[in-house]
J.: 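My structure is below; once you've seen it, I'll send some questions.
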Amino acid sequence: MPAINEILDQKLFSKENLVTLLKAEGVDGLLLLQKAGELKQQTVGNKVYFRGLIELSNVCEKDCLYCGIRRSNKKVQRYNLTDEEVLEAARFAYRERYGSIVIQSGEVTNETFVARIERLTTEIKQLSDNKLGITLSLGEQTDEVYRRWFRAGAHRYLLRIESSNPELYRKLHPDDGLHTYEQRLEALTLLKKIGYQTGTGVMIGTPFQTLEDLASDLLFFKDFDIDMVGMGPFIEHDDTPFNTPQTDALPLSARFNLSLKMVAILRLMMPDINIAATTALQAIDPLGREKAVKAGANIIMPNITPASYRNDYRLYNNKPCTDEEPEQCSGCLDARLALADSEIGYGEWGDSKHFRKKDKG
Ligand code: 5AD
Ligand code: FES
């Protein structure tokens, strides 16, 4: 087996190389994180971009086995922000000079919802003089719906593949015809074709997942030529079928370390994409997001949902910042990122350089 140094010096990684990197511990592990951090400085620079996250609604038609807001979880108090609350959150992001916002919600496919998103997107573009970038994260929709939202002004879309292994995808989702790997892949393909900057991602440390699966996920991101990636540790939620760790489950700390390595390796494989330091990292380690930024991430999504709803958008146990108002969040992030030697790209869209290059090419 080649030493870590030899692998890190290569331009392309085989699946076997990737598994070796994912297993790197101690000095080897640190070397990987350090190398990725350095490469980030050279390619996308030391700027971190904020995306204000608005959790529009926790109503969901789907039933993913891992997710706290799944349809079958009757304990969730379902909510929908009012239009005015969404617009106010967008105004806040604009005032604070966040380059863009993300509107996320459980998956809903009816016309009322589709038209509402279309309207809100148009209004947010207007209230920000076209300056606020709008990313949507609203699950699987039809080609026509994606096109309507794109025309209204959304320019990025996040849809995690969750796992690039169809067999594992099947184990993470109910077998009810609504949750198929093929449908998910088709949706991602549509988004890319329409012209969205397309983001995807996976959970790390889910039941049944192997290091080979994670290596394949990294190769999938590269093959699919993705523009943005968000991935974070899987964390059990009490009111889901995956509520207790399996006997061979990785401890949370190991899922956390593995997530940092995934970020670092992906930065080495795709130097100019946008990679998010996800909130789930912070659920395990209070400085989780900053550590991910050091290891290669360049995007942070501060939660700007009004505080009274945050408790109900609980995808997993111990989700952080559920009782803070947006103002408090941005202040604490500023200070901590300064410690991570990063600069915040205020007032900039912070588009994926990778997407821009493709666009011109
Ligand atoms: N742990 C970690 N991440 C989760 N997500 C959903 N449930 C969990 C969980 N229990 C992630 C999924 C989804 C994103 C919005 O949140 O990857 O795509
Ligand atoms: Fe809502 Fe998975 S449970 S999309």
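Indexing begins at 1, ligand by ligand and atom by atom, following the structure's order.
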J.: Taking the six-membered ring of Tyr313 as reference, does the NZ or CZ atom of Lys319 fall below 6.0 Å from its centre and within a 45° cone about the axis?
T.: no
J.: Taking non-hydrogen atoms within less than 4.0 Å of ligand 1, which protein residues qualify?
T.: Tyr66, Cys67, Gln104, Arg160, Glu162, Met203, Pro233, Phe234, Ile235, Leu315, Tyr316
J.: Has the side chain of Thr121 got a donor or acceptor atom that lies under 3.5 Å from a matching backbone atom of Gly153?
T.: no
J.: Exactly one of Trp349, Phe150, Tyr146, Trp149 should register a ring-ring contact (aromatic ring centres under 6.0 Å, His included) with His155. Which one does?
T.: Trp349
J.: Which distance, rounded to the nearest 0.5 Å, do you find between the CD1 of Ile235 and the OG1 of Thr279?
T.: 9.5 Å
J.: Are more than 12 heavy atoms, taken from residues, nucleotides or ligands other than Lys171, located less than 6.0 Å from that residue's NZ atom?
T.: yes
J.: Rest of the hydrophobic cluster containing Tyr66 (Ile/Leu/Val/Met/Phe/Trp/Tyr, side-chain heavy atoms under 4.5 Å)?
T.: Leu65, Leu168, Leu172, Met203, Phe208, Phe234, Phe242
J.: Is Gln183 atom CD crowded by more than 12 heavy atoms from other residues, nucleotides or ligands, each under 6.0 Å away?
T.: yes
J.: Any chance you could measure Met270, atom CE, to Asn274, atom CG, to the nearest 0.5 Å?
T.: 11.0 Å
J.: Short of 2.8 Å from atom 2 (Fe) of ligand 2, name each protein N/O/S atom, waters not counted.
T.: Cys64 SG
J.: Return each pair, listed once, that meets side-chain hydrogen bond (donor to acceptor under 3.5 Å, both in side chains) where at least one residue sits in residues 258-269; pairs must be two or more places apart or across chains.
T.: Arg267-Asn298
